[in-house]
Structure formats: C-alpha cells, structure tokens
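To find a chain, count down the sequence lines: A is the first, B the second, and so on, and within it residues start at 1.
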2 protein chains.
Amino acid sequence: MRAGGLSNGGNRANFTASAKSVFRTLYASGPATRPQIGAALGLSRPTLSSSMAELDRVGYVEKIGEVQGAVGRKASMYRLGTGAGHIIAVDAGSTHVRLRVSTIDRRLLHSRIYRLPSNQRHLSSEISQAVAEEVDAVRAITEPGWGPLRAVGIALPSRVVDKDGDTVSTRQDYIFAHFTPRPGIPLILENNVNCAAFAEHSHGVAKGRADFVYIQIGLKIGMGIVLRNQLVRGRNGGAGEVSHLSFPWGPGLRPENAALETYVGSEAFLERVRQAWPPEAGAPPIDPAQLLALAEAGHPVAVEHVRHHAEDIGAIVSSAVSIVDPGFVVLGGGIGNNPLILPYVRDVVDRLSYPTQIETSVLGPDATVLGIELLTAEHACALLIEDLEV
Amino acid sequence: MRAGGLSNGGNRANFTASAKSVFRTLYASGPATRPQIGAALGLSRPTLSSSMAELDRVGYVEKIGEVQGAVGRKASMYRLGTGAGHIIAVDAGSTHVRLRVSTIDRRLLHSRIYRLPSNQRHLSSEISQAVAEEVDAVRAITEPGWGPLRAVGIALPSRVVDKDGDTVSTRQDYIFAHFTPRPGIPLILENNVNCAAFAEHSHGVAKGRADFVYIQIGLKIGMGIVLRNQLVRGRNGGAGEVSHLSFPWGPGLRPENAALETYVGSEAFLERVRQAWPPEAGAPPIDPAQLLALAEAGHPVAVEHVRHHAEDIGAIVSSAVSIVDPGFVVLGGGIGNNPLILPYVRDVVDRLSYPTQIETSVLGPDATVLGIELLTAEHACALLIEDLEV
DNA sequence: CTAATTAGTTACGTACCTTAACAAACAAAT
DNA sequence: ATTTGTTTGTTAAGGTACGTAACTAATTAG
C-alpha cells in the first residue's frame, strides 16, 4: 500500500540519534563539513559517514562543495537538501502582508510584500483575504527544487491561544475567514510581537541571550518574553500583554481594565500632546513620527513630551523587570526604535528596578516575518527528525 | 589511590541510561515495584533487572518489601537506598530556623525548629549563627543509616544571585557570617518565597501546574514564578520582586523606587488603617492578625480596610498576570492565606486581566523548608546520576 | 494437585556507537 | 617528480545497552 514514488513526503523516517543530531546541526548552524559537525557533536568519523548516508538516502542533505584546509584532503561541505523541503512564513500585519518562502535552514527561496489597501486595527477578514492570495500566489510559482512544503506559519496581530485557552476573546480565528490551511501541512500561528522578539533573539541584538524581554512601542504596545531561549506565551496567550498592567494605580487610585493601552498607545499619546501644545510653539505634530522628528531637531516642547512618554515606557519596562528580571531588554517598534527614548528608559529602569541592559532593536520591519520563519522552520525540523507524530 | 572503603562517596558511577531513569523514577515518585517502573518507563524486565543490579551494587536502591497482586508471584518493592545518602534543608527565616534532614527521596530523617531570640527584618548574622548551630547539631546526631551527606540547601529571606549577578546589594552573603559550608558538599541557596512556591508546586495546591505564580503577602510581599515546572529566578535573582513594580503610576504620577513595598507592606498598611480608624469603631487593631480577626467577625470598618488591601493585592497579581499569564495563582503568607481576601483578589484580576484561577495556599509554615528540601534533593539527585562534574 | 498468572532470570540477537586500520587526496618539502 | 606528513573518508571489528524469547519461580483459583 505504499506509494511507489519518492522516498520522502509522507513517511516518518526512523533516523539514528546521530543522524538526527547531524540534521539539527545543519538546521541550526547552516552548511558545514563532516569534521566540523563531528567535532561539534563529539561523533566519530564512521558515525558521521553513516549518518550522512542515512540523511542523503532521503535527500535531507546535499553536498554543496569542498573546502581545503592548510594541508590534507579537502572536506566536503554539506547543507540541508531538497528533500528536507521548504516552509512558508507570513507576517499578517496591519499594514502589510510579508511572506517568505525558505528552506528549513532558512535560505530564502522567495519573498513577497503586499500593501493592504487600508490599515487594519485588528486582525480582520481583509488581512485573511490578503494572506490567502499571497499564499496562493506562492503555490503558482512553486519550483520542484524547493522540495515538499513542510509547514506554514503566520504571525498574527492578536493574542494566540491553543485549544484549551480562551479562544473567543481572541480574534485569531479571523485569519481563517478567507485563508484555508492546506490539509496535512502543519499551520503555526504566533503573535507578531512574540515573533519579532524571537527574531531579535536569533538575528538581532539579543543574540545569545537566554533571557530577555522585547517591548514594541508603536500604535499599540506589546511585549515578547524569552526565558531559557524559549518564548513565554501564557495560558491565554496573554504573556507580555502589558496593556493590562495595573494602571492608573496609587493610593486612592483604582486601576481600570486595559487603561494603560489607551493611555500609552500612540493615538492617545498624540492627542495629549496636541491638547497641551502651546500655540506659540508652532503647529502641533500630526503624527508620532513628526513629534519625534521635532524632538530630534531639538524642539523643546516636543522633547519634553517625548521624555515624558519615554518615562512611561520606562515604567512599563520596570514592571516587567520586577516580574521576570531578564537582565536584558530590547526596545522595538516605530517609537521604541527611536534613539531619543533610550536614555530616558534606561534612567527610569535604573532608578526603579534591577541592573538591566537596555538596547534598541536592530531589525527593521522584517523582524516579524523573520521570527515566524524561525518558529515555522523549528517546527518543520522537529517534524522531520523528532518522533512526534502529527 | 582509591580509598579502600565504601564504593559510594567520591566516585562518579557511570550508570546506564536505564539505571539513571530508574533512579530518577524512585526519586520522583517514591517506592515502586519493578513492573511499575518498567511500565512507567517503557523498559523491559531484563533491563530493569540489570538496572536494579547496577543501582544495588552501590547501595542506591534497597528492597523494602513485597506486594501481592490478585494472582501471580509477589513483586518486590524498592526505594532509594542508604548509599544514595541524605540532604540537609534549612529555612533561615526571620523568626524561626527550620531544618529538615531527609533522604534524596524526601523521607524525613530528622527535623528541628529553632525560634530566634528576636525577629530579624533581613538576613543577618544572628540568623547565620542560628543556622550554623542547627546544622552542627545535626552533625552530632547523624546516624550511619543516613548514608553520606549529599547536599545542603538554605532558604534565605533575600534575593539570591549566582556569581555573575549583582551580589553586593543582596544581603545573601550574611549567611556566611557564622555558617561555613562543608567543603566538598554542594550548597544550594534559594530565596525563601521561591522555595515556598516550589513546595506549593510539589505538595500543594499547584500540584501538576507547569505554570503558576505564588504570591506571599505578609510583613513583606514577594512572588515566586514557576514556568514549565521550573522556577524563574532572573538575572539578579530579582524575578518576582513585585515590590519594585511601578507605583504609584498614572497620568502625572511619577513612580518611586520600591514605593509599592512601603505601601503594601503590612506595617504601612496597618499604620494607614490606624490613622483612618474612626474613634467610634472601638480600639484600632494592633496588628494585621487582629485586623483580619475583626473583619472575619464582620466589623464593617475592618472589612472595608481588608477589602481595600485585597484590591491592592489584586492589582499586583493582575500586573503579574499581564506579564506572564500563568493561568494559576496561589495566595500565601500570613495575610494572603486569609480566605477573606480571596474573593476580592479574584474580582480585581477578573476585571483587569486574563482568565486566571486563583487559590489559597494549603501549606503551612513548613512550605519554605519543604521547598528548599525539594530543590536540594533535586540537586543531589542530579549529582548522583547526571554526568555533571562538580 | 493442576492450571493460570505474574515476577524475575538467562540466553541471545540487534542497533548504534566506538576504535583501529587502511585508502584517498591534498600541501609542502625534497 | 617523488616523498612526507596531514587530513578526510571508508571498512572491519568490537562493545554496550537495550530488546525478545524462553525459561524458572512464586503465587492464587479451582
């Protein structure tokens, strides 16, 4: 009853432990020679020989060249092969849908960006529509050299929960309004801020940090938490939902639900700025970017507002540091990225909490799609070599 | 150059993987028969036979009896043996020093409680003195049947950091004022609230919860966070230091360093209560216990104050839930334990944050020493079977 | 006392890794 | 061009840690 064709695809290859670790090494660290892998994993040459043969038999590795050391025979260079297949990663953002098709070891095969006709405040059927179209467009140009599709991942601008969580209040199911997952292909959903945090962990300023917190400050405010190199998601996908921090809060002050979101969100912030803008200071800024530009130019009123906002961000970071004490914080997002706010945030955290290194994100708008690519690739890799049955 | 005597002690036995997992099963789940262990681990009877022989050879297991099923031959019951040794766990508290001597599988061998002559606000040399005396007292009565001492653990009322953290501001080194660790015996230090949380995870209401938050409300306020069944400690041992949450905080309100500690601590709380106590309401309470007693009796002024305090606790819990969204929260400590505050905390968290089950601690004042016992036993277990060299 | 059932041991096979020895491929020295 | 030394890769042989199959041992039910 077996299909006579390719040896990969539906079958769950039963690799030896060494073959699995070799595959994972190539997945994680990219192309390498046998001696390099053997040294890294502490495996003997004969073991590497048989592991490579195992993986080559199903097309999971391929030779891409040779490297010559100072002396001695050339070593062959290997990477993951066509048989390992490819993944599709999508950032379903509120303004753009970004899509990357990559191999499991994250070599870019194809990339698309689609500008949504209108900004979407929340995950919506418009976004779903765009995602469906972009993914379909990939299907049309899929090349045989990409190998089988192993997984699809989508970064969502919403809380993401699995089955047992509170899935109603999340808007995550809107993604399925027009987009239909391909049967048999695992679909990974993840919150977009978590994705950006994870990208920062692999390619960005948080590289090598087992524990850190990423805070994204833009239209909305969100936080991604990585502890022991793993994302903290929370029971309801609500980990890092800092907009629900108790606020306002003090003697005689009663916190309100999600009050921080409306206070620190860029729209409310800008509205406060415009209200308080003195007529003699010129025309009030029309958007946060303009306010930041004025502040960068040294406009004293703008600077003062930016400082105040940065201190509020510092208070948020301090609260997070008080809870998880990560030792490292990355500021990202349209506002968080701005170098003006960094010193103020540092001052506040320094004053209120524990020694914490704070840096600005180095990844651009691709952070989110890079993060979901990583998470999707990890899932695909585990599927290929771990013994987890679907 | 080997000492001719016992086979255990300094040597690092090189067990098979199956023997290690058998040992860990007995460590984690207590006495069991071979068929039970085999079924639990998916090991065959011959493998169990040889694993047991391996462990028995160094005295790590011992037979303690036989059990008879419905039909068939009796099965032998095993547990960790004398050769596995024992541990000493100490709760260096501010009012008492509690000490437990136990086997690695947490069978109590000896227990002591010492009431400090005066309450200690912080970790002090007085506490260190008491710990040193209590641990020395154990040495005097140590029985041969306990086997070798494998590890000593101490729960401290301070932040605990390892080498690379900020060890200066911690008072953790006060523990060494009079207490000197035994050379060659690993010493485990852990924050006392983390210990209580961990105990709640193993023996308490949080049993089986991979993720939860424990909040202890008493003279001071502290939080222990467990994610993926592991304590979150933080870079500076500051995880769960909720007294550093941004407070007071609101439009026009500038958070102050550790302001929450002084606001929500029981002394400041009681002082506020006494200040606001109306003369016609009788004598104001002299301590929090009395205030709680009055509230339990229905005294309206007391009830109102307790409600207000409980709402502040709810705000703290909400902030923690906003950051890590554990789905489960345990209230402990002298005040947190009181059933009066539970409904108010639930209401606040329900209003401000995500669906979270909140319960009251079920463990008494032994929680902390039980927690450090667990952590120390885990360390000892890992030392015996994992290949980690000291 | 016999049959059925469960616990534990012995014999033996297999999977997966190792070391040892060898062959192949290369740079540098002769 | 040949030799020498080094590195890569393969082949052969061996060891360890498991498994299965078949046995013995101990117990209950009839």
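Ion pair E54(B)/K20(B) not flagged as a salt bridge, since none of the NZ, NE, NH1 or NH2 atoms sits closer than 4.0 Å to an Asp/Glu carboxylate oxygen. In summary, R106(A) and E378(A) do not engage in a salt bridge, as defined by a charged side-chain N under 4.0 Å from a carboxylate O.
Checked against a 6.0 Å centroid threshold, the rings of F23(A) and F15(A) do not count as neighbours.
Distance from the side chain of S44(A) is smallest to dT19(C) among dA23(C), dT20(D), dT19(C). Nearest nucleotide to the R34(A) side chain, out of dC18(D), dG9(D), dG8(C): dG9(D). Minimum atom distance to the side chain of P46(B) is reached by dA11(C), of the listed dA17(D), dC17(C), dA11(C). When distances are taken from the side chain of R73(A) to each of dC26(C), dT8(D), dT27(D), the shortest belongs to dT8(D). When each of dG19(D), dT10(C), dA28(C) is scored by its nearest atom to the side-chain atoms of V71(A), the top-ranked nucleotide is dA28(C). Here the nucleotide nearest the side chain of T47(A), chosen from dT8(D), dG19(D), dC17(C), is dC17(C).
One interatomic measurement links the two molecules: CG of L48(B) to P of dG8(C), which rounds to 9 Å at whole-angstrom precision.
Each of G72(A) and R45(A) lies near DNA chain D, and the nucleotide nearest G72(A) is the one positioned closer to the 5' end.
OP1 or OP2 of dC17(C) sits under 4.0 Å from a side-chain N or O of T16(A). Within the 4.0 Å cut-off from OP1 or OP2 of dC17(C), at least one side-chain nitrogen or oxygen of S18(A) is found.
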